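This report refers to the structure that appears directly beneath it.
Both ligands and their constituent atoms are indexed starting at 1 by order of listing. The figures here come from the full heavy-atom set of this structure, side chains too, leaving out hydrogens, waters and symmetry mates. Throughout, residue positions are numbered sequentially from 1 according to the sequence presented. Here the structure is a predicted model, which is why all the values come from computation and not from measurement.
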Amino acid sequence: MRVDVVSIFPGYLAALDLSLVGKARQSGLLDLRVHDLRDWTTDRHRTVDDTPFGGGAGMVMRPDVWGTALDSILSAAPDDAAVAPGGEPAPGGAHLIVPTPSGEVFTQRHAEALATEDHLVVACGRYEGIDARVAEHYRAAGVAVSELSIGDYVLNGGEVAALVMIEAVARLIPGMVGNPASLVEESHGAAGLLEYPVYTKPPAWAGLEIPEVLLSGHHARIERWRRDRALERTAERRPDMVAALDVTALDKHDLAQLRELGWVVEDGRLVRR
Ligand code: SAM
């Protein structure tokens, strides 16, 4: 996969040299390129922003600068060694991600879908954000554009959001995580649950012992215990996720456990008693 990130603070993205993402870059699994938006400015001051039409506080990022930068990057094939300046956007090619607190909230489902793409381009805004015509223009040109928020709060810039999304997507690329089985039962996976609590050695620590069943070696009992804890934890912390569960995918033990937790099936949906 190729990922291009455009920012006025490219140094912010240095964290992508570390850990699994850094290793994936070194091994060639991930071709990640970070660009300074100011490289596409033409004035002496390398200006990327201006005052908002209609007045108001703050500055807005100029569409012309973003347009020149994105035309150049979007027109590059995923495995191009160099980016040709001034090219036309290639419809059906790259997927443009615009982090914004006014976007759809980024979830594991977005990460899974984006992990199947060949080329992602992330446009990191600053100030009051990027002129709205940028997303509109590329959408109209046939580019897949996703305006995504990493949560209901406001950051100073899109760089941290880019780090979050790139890490969530990159770990799903085949070959990225050493043991792919570790991805299967994770929180927010296909089961729609939070993960059960996990423990390691020593078996007793700070006066706390690990649940007996985990030492039993009895796989079916361990599996059931983990499933019950996952249901319990999800009901306690994320009732919205329990309400969204597909009832037909639950077995009679799941339903009994949920009943104990105060959830019953009504008209084919789980509701709290
Ligand atoms: N004026 C904008 C608003 O109220 O929606 C907020 C702009 S914010 C100060 C500057 C930039 O930070 C945004 O363009 C975006 O790139 C990034 N940003 C801030 N919060 C974000 C969030 N929750 N998710 C994704 N990006 C965010």
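- Protein heavy atom closest to atom 16 (O) of ligand 1, with residue, atom name and distance, is Pro99 O, 2.9 Å.
- Residue Val177 is not grouped with residue Val198 when hydrophobic side chains (ILVMFWY) are merged at heavy-atom distances under 4.5 angstrom, including chains of intermediate members.
- Taking every non-hydrogen atom of Leu148 and a distance limit under 4.0 Å, the qualifying atoms of ligand 1 come out as 25 (C).
- The residue Asp152 has no part lying near ligand 1, judged by heavy-atom distances below 4.0 Å.
- Checking Ser146 against His95 by side-chain atom types alone, a donor-acceptor pair falls below 3.5 Å.
- Counting only heavy atoms from C-beta outward, the side chains of Phe9 and Cys124 never approach each other to under 4.5 Å.
- Ligand 1 has a nitrogen or oxygen under 3.5 angstrom from a nitrogen or oxygen of Tyr153.
- Within a 6.0 Å sphere centred on OH of Tyr12, other residues, nucleotides and ligands contribute 12 heavy atoms or fewer.
- A side chain to side chain donor-acceptor pair (under 3.5 Å) with Tyr196 holds for exactly one of Glu223, Glu185, Arg229; it is Glu185.
- Ligand-side atoms of ligand 1 in range of Val154: 8 (S), 9 (C), 20 (N), range being under 4.0 angstrom from any heavy atom.
- Checking side-chain atoms of Arg221 against main-chain N and O of Val213 turns up no donor-acceptor pair under 3.5 Å.
- With Ser149 contributing its side chain and Ser102 its backbone, the two residues share no donor-acceptor pair below 3.5 Å.
- Looking at atom 21 (C) of ligand 1, its nearest protein heavy atom turns out to be Pro101 CD, 3.5 Å.
- No hydrogens or angles considered: nothing links the side chains of Asp228 and His253 as a donor-acceptor pair under 3.5 Å.
- Of the N or O atoms in Gly125, one or more lie within a sub-3.5 Å distance of an N or O in ligand 1.
- At least one N or O atom of Gly151 sits closer than 3.5 Å to an N or O atom of ligand 1.
- Heavy atoms of Val98 found under 4.0 angstrom from ligand 1: none, in either backbone or side chain.
- Residue Ser149 touches ligand 1 through backbone and side chain together, judged by heavy-atom distances below 4.0 Å.
- Looking at atom 14 (O) of ligand 1, its nearest protein heavy atom turns out to be Gly129 CA, 3.4 Å.
- Interface of Ala161 with ligand 1, defined as ligand atoms under 4.0 Å from a residue heavy atom, comprises 25 (C), 26 (N).
- Contact of the Leu250 side chain with the Arg227 side chain is registered, since non-hydrogen atoms from C-beta on lie closer than 4.5 Å.
- The protein heavy atom nearest to atom 24 (N) of ligand 1 is Ile150 N, 3.0 Å.
- No path of Ile, Leu, Val, Met, Phe, Trp and Tyr side chains, each step under 4.5 Å between heavy atoms, connects Val105 with Val164, placing them in separate hydrophobic clusters.
- Closest to atom 10 (C) of ligand 1, if we only count protein heavy atoms, is Tyr127 O, 3.2 Å.
- Here Thr100 has backbone heavy atoms under 4.0 Å from ligand 1, and that is the only part of it that gets that close.
- Under a cut-off of 6.0 angstrom, the local environment of CD in Glu128 is crowded, with over 12 non-hydrogen atoms contributed by other residues, nucleotides or ligands.
- The protein non-hydrogen atom at the shortest distance from atom 1 (N) of ligand 1 is Glu128 OE1, 3.0 Å.
- Residue contacts with ligand 1: Leu155 is placed with a nitrogen or oxygen under 3.5 Å of a nitrogen or oxygen of the ligand (distance criterion only).
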